[in-house]
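Reading through the structure tokens given below for one structure.
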Amino acid sequence: MRYFSMLKTKGREGNQAPSSGTNSNAPKRNRFYALQSKGDEESSLDVVTSMLKVFQLDVYALLDLGATLSFVTPYVAMRFDVPSEVLLEPFSVSTPVGDSVAVKRVYTKCLVTLSLRVTLVDLVELNMLDCDVILAFLGHIVSSKGIAVDPKKIDAVKSWPRPLTPSDIRSFLGLAGYYRRFVEGFSSIDSPLTVLTQKKAKFVWSKAYEKSFQELKDRLTSSSVLTLPEGIDGFVVYCDASIVGLGCALMQDGKVITYASRQLKIHEKNYPTHDLDLAAVVFALKTWRHYLYGVHVDVFTDHKSLQYVFSQKDLNLC
């Protein structure tokens, strides 16, 4: 019998998305498929397979909307032009026949093309039979309209109680952070809560923290549907900066593909306004360079002086 390896895992799982919106310590379990033949796989209503591209390679993939991780076989991975990263804490994968396989390498931000749409996927290297890639969409609903947050995760956010300890805040931010691409200005909203997780911070809940907590919940439960990029035309980037963080949005043909944001680094808090806005532009272009490199893109910012950046002979590029 041949097995696809959607599997039970042991230990900490690197690059794994949250499996639920609770603080449960119950072990996380992935799903597995046990198929006698490739014909069974293709005729099963519970298994979705497809030919797709990873980088420029044509691969045979198993698509699983309930999987927690995405996998790639070593045979395909060795043909990637990107190096692998070694997980800080490797974990074991148990197969349905009782074998245990240690996985320790991951290929991050792999370009996957499915139905002429491109997305980024972290692929864990794992020996598999019959398929080259197992592609996971944990916590997302994928439809013809685009990608949206799983309603079950929204319910978990709505019912999340007020944090009572720094650990509670980290748990909440861990779940919320997984969906940060759906929330405009996420880093600015969660910055007060982040302060409470620092070692030297005294945990005293105030109105500012409550406002940040409730606004994050509201934003996550009313997040918009994101589209996947199609083709190389019509990309637009909107950038902005504040005294708290940097934020940007990537759009195509009037539809939002994704949001990105981060808090200011210590030295950036001393930047003048035009440097902060330029930092937001640089942050956006670095974050989405895999979409924007070599294609036309319009960048919008609210700081007019940045229009002249290309005509300046000397720039501070630090």
Side-chain angles (χ1 to χ4, degrees), residues 4-7 9 13-17 30 48-65 67-91 93 101-138 140 142 146-147 178 180-181 226-237 248 250-252 257-260 262 281-297 299 317:
F4 282 106
S5 49
M6 285 321 294
L7 324 166
T9 59
E13 299 177 2
N15 294 337
Q16 178 181 333
N30 295 340
V48 180
T49 60
S50 175
M51 292 297 298
L52 50 81
K53 282 186 178 292
V54 179
F55 296 110
Q56 297 302 316
L57 303 175
D58 292 313
V59 300
Y60 187 70
L62 169 70
L63 309 181
D64 188 351
L65 299 182
T68 53
L69 293 172
S70 296
F71 298 93
V72 62
T73 62
Y75 174 75
V76 172
M78 66 184 294
R79 299 161 65 188
F80 291 168
D81 291 330
V82 297
S84 63
E85 298 180 12
V86 178
L87 297 175
L88 295 178
E89 295 187 28
F91 59 91
V93 175
V101 181
V103 294
K104 58 182 180 180
R105 294 187 178 276
V106 60
Y107 294 83
T108 60
K109 298 182 179 180
C110 298
L111 286 175
V112 175
T113 304
L114 179 62
S115 299
L116 300 179
R117 297 177 182 271
V118 180
T119 189
L120 290 180
V121 179
D122 294 344
L123 296 174
V124 179
E125 188 176 285
L126 179 69
N127 284 311
M128 297 179 288
L129 295 176
D130 284 343
C131 68
D132 302 314
V133 170
I134 294 177
L135 196 60
F137 286 97
L138 173 72
H140 297 86
V142 183
I147 302 176
Y178 183 63
R180 65 187 305 135
R181 63 181 294 199
L226 302 180
T227 187
L228 289 172
E230 187 170 0
I232 59 174
D233 299 323
F235 284 114
V236 178
V237 172
C248 44
L250 176 64
M251 301 183 67
Q252 185 182 42
I257 297 174
T258 182
Y259 295 105
R262 68 168 175 83
V281 174
V282 173
F283 169 64
L285 297 181
K286 281 186 175 181
T287 302
W288 299 317
R289 61 188 180 277
H290 48 280
Y291 294 136
L292 307 178
Y293 186 78
V295 304
H296 176 83
V297 56
V299 180
L317 300 179

CZ-CH2 distance between F283 and W288, expressed to the nearest 0.5 angstrom: 7.0 Å
Within 6.0 angstrom of M78 CE, more than 12 heavy atoms from elsewhere: no
Donor-acceptor contact present, side-chain D132 to main-chain Y60, <3.5 Å: yes
Interatomic spacing from OH in Y291 to CG in L111 - rounded to 0.5 Å: 7.5 Å
Polar side-chain atom of D122 near backbone of K109 as donor-acceptor pair, under 3.5 Å: yes
Residue pair L226 / R181: nearest heavy atoms and the distance that separates them: CD1-O, 3.5 Å
Residue pair R105, V86: steps toward the side-chain contact (heavy atoms from CB on, under 4.5 Å) verdict: CA-CA 5 Å; R105 294 187 178 276; V86 178; 3.6 Å; yes
Within-4.5 Å side-chain heavy-atom neighbours: L292 and L250: yes
Pairwise side-chain contact, V295 with F235, heavy-atom cut-off 4.5 Å (strictly under): yes
Gap separating the CG atom of L135 from the OG atom of S70, nearest 0.5 angstrom: 4.5 Å
Point-to-point distance, once rounded to the nearest 0.5 Å, from CZ of R79 to CD of Q56: 12.0 Å
Flag side-chain contact, heavy atom, 4.5 Å: L52 against T113: no
Residues V54, F80; criterion side-chain contact (heavy atoms from CB on, under 4.5 Å); working and verdict: CA-CA 9 Å; V54 179; F80 291 168; 3.5 Å; yes
Any donor-acceptor pair under 3.5 Å from E125 side chain to K104 backbone: no
Any donor-acceptor N/O pair, R289 side chain to K286 backbone, under 3.5 Å: yes
